[in-house]
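For the numbers below, each heavy atom of this structure counts, side chains included, while hydrogens, waters and symmetry mates do not. Remember, it's 1-based here, ligands and their atoms both numbered in the order they're listed.
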Amino acid sequence: MNSLESEAHRLDAADPGRRHLFHVPPAEGGRYPEVAYLAGNSLGLQPRATRDELLADLAAWSRLGVEGHLEAERPWLPYHELLTAPAARLVGARPAETVVMNSLTVNLHLLMVSFYRPTGARTRIVIEDSAFPSDSYAVRSQARFHGLDPDTTVVRLTPRAGEDTLRTEDVTDFLAAEGDTVALVLLGGVNYLTGELMDIPAITAAGRAAGAVVGWDLAHAVGNVPLALHDWDVDFAAWCSYKYLNSGPGALAGVFVHERHLGDPDLPRFEGWWSTAAATRFEMTPVSRPPATVEAWQISNPPIFAMGPVRTSLELFDAVGMPALRERSLRLTGYLERLLDEVTADRPLTVITPRDPERRGCQLSVRIGVGSANELTKRLRHEHGVIADAREPNVVRFAAVPLYSTYHDCWRVADALAATVEKH
Ligand SMILES: Cc1ncc(COP(=O)(O)O)c(C=O)c1O
């Protein structure tokens with residue numbers, strides 16, 4: 001074991017995470033029994049608690065049948081309410097502003113039904129050029145839905161020449177200059193490709209000052225960085241739970257709507273029987289009576305077996321707390337950055353994530369100068385048991401997840417890159 005590897009073990013002993021609470025996949029290649037898992041920004045690992053909790057919900061169904069709606073240990077009718085307070089704490093919201101439902105892109109559409117209302121000259125939607133493609137497709141289809149040309153309606157903000165990430169002023173200057181044509185700003189809180197953490201409060205303030213509605217896709221931010229959506233005056237936000245929230249593939253997603261919009265009878269919304277206030281749900285009347293909470297955006301009765309994993313995960317976040325997680329994240333990501341700097345110095349590799357820890361979460365993205373991202377991640381996996389995430393053509397993403405990643409995982413990334421990528 002070389003001295004750098006011993007240092008990684010020493011750091012792990014001094015600053016342990018909660019890896020023991022997760023299933024870590026076995027490695028197929030390399031020198032270690034488990035993989036070094038750096039792909040939690042794509043799909044988080046399975047918490048050990050999830051299986052038993054899910055089995056308990058299944059057992060209630062086998063024991064009670066339909067009576068489980070009221071008589072299960074965690075009755076199904078109000079089950080989603082168990083998730084509301086911990087989800088609200090995670091994003092800095094009030095419980096009335098937060099609900100767990102559906103999937104991310106579906107929720108973005110449901111929110112745009114309410115919050116993208118082009119009128120007169122104010123029709124444009126601002127996104128970042130490197131927005132996740134699903135968001136691009138969503139906003140383009142919203143423009144078409146309103147009879148608008150997506151090519152002129154959707155504004156894609158690009159970084160300055162020679163830069164990899166947007167500066168806050170790139171967004172706020174645009175809004176100051178052209179904000180009166182903008183109906184909606186919809187950006188990623190943490191950019192999926194570069195790992196850049198946007199200045200959510202500053203951009204939200206600039207968008208609202210320009211008269212636009214400001215929404216955030218928090219897929220890569222939730223569970224990664226501290227959030228204060230209510231205080232930041234964000235209009236709406238949506239996130240998924242399968243990345244840093246470790247709730248399983250395709251897990252249920254979350255939604256935030258600021259309280260100033262709650263109970264607004266003029267706001268268009270799509271409705272179903274879960275949009276009406278719980279107390280009125282079984283009155284079987286033809287007209288809904290929605291509550292003055294974000295639950296008015298719910299439509300269908302929720303899938304209980306998908307809610308269990310989100311509940312278990314949120315309990316873990318509550319137990320550890322975002323402030324402590326962020327502290328460990330800063331230490332771990334700083335360590336990974338130091339090791340990557342050594343490896344990339346004499347190889348065709350460039351870290352494109354912002355260097356200021358306040359402008360990023362736990363993901364570091366590396367642009368590769370030679371070969372394809374897919375090829376590199378395949379070799380990292382099969383030859384070294386390191387799981388990272390490729391974004392073709394040339395970006396590989398590494399997420400040192402503060403809940404379960406170790407310093408030794410970070411060391412393995414750098415060691416594997418050094419062995420796989422030839423020097424200049
Ligand atoms: C930033 C971002 N937005 C949207 C999506 C799409 O999510 P979903 O398939 O859950 O709608 C993803 C998926 O990875 C994402 O990373």
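- A donor-acceptor pair shorter than 3.5 Å cannot be found between the side chains of Thr406 and Trp411.
- Using modelled atom types and a 3.5 Å distance limit, the side chains of Asn191 and Glu196 yield no donor-acceptor pair.
- The existence of a salt bridge linking Asp173 and Arg167 is excluded, since no basic side-chain nitrogen approaches an acidic carboxylate oxygen closer than 4.0 Å.
- Of all the heavy atoms of Leu104, the ones lying under 4.0 Å from any atom of ligand 1 are found in both the backbone and the side chain.
- In this structure, atom 3 (N) of ligand 1 lies nearest to the protein heavy atom Asp217 OD2, 2.7 Å.
- What sits closest to atom 16 (O) of ligand 1 on the protein, heavy atoms only, is His220 NE2, 2.9 Å.
- Looking at ligand 1, you won't find any N or O of Ser134 less than 3.5 Å from one of its N or O atoms.
- The shortest N or O to N or O distance between Ser103 and ligand 1 is not below 3.5 Å.
- Listed here is the closest heavy atom pair of Thr84 and Thr98: CG2-O, 3.3 Å.
- Taking the six-membered ring for Trp and thresholds of 30 and 60 degrees, His258 and His230 have nearly parallel ring planes, at less than 30 degrees apart.
- For atom 14 (O) of ligand 1, the nearest protein heavy atom (residue, atom name, distance) is Lys243 NZ, 2.8 Å.
- The protein heavy-atom contact nearest to atom 10 (O) of ligand 1 is Tyr242 OH, 2.7 Å.
- Considering all non-hydrogen atoms of both residues, Tyr404 and Arg19 come closest at O-NH1, 3.0 Å.
- For Val106, no heavy-atom contact with ligand 1 is shorter than 4.0 Å.
- Between atom 4 (C) of ligand 1 and the options Leu218, Leu187, Leu252, Asp135, the minimum heavy-atom separation is to Asp135.
- Between Thr105 and ligand 1, a contact under 3.5 Å exists for at least one N or O pair.
- Remark: Asp341 pairs with Arg355 by the salt bridge (charged side-chain N to carboxylate O under 4.0 Å, His left out) rule, at least two apart or across chains.
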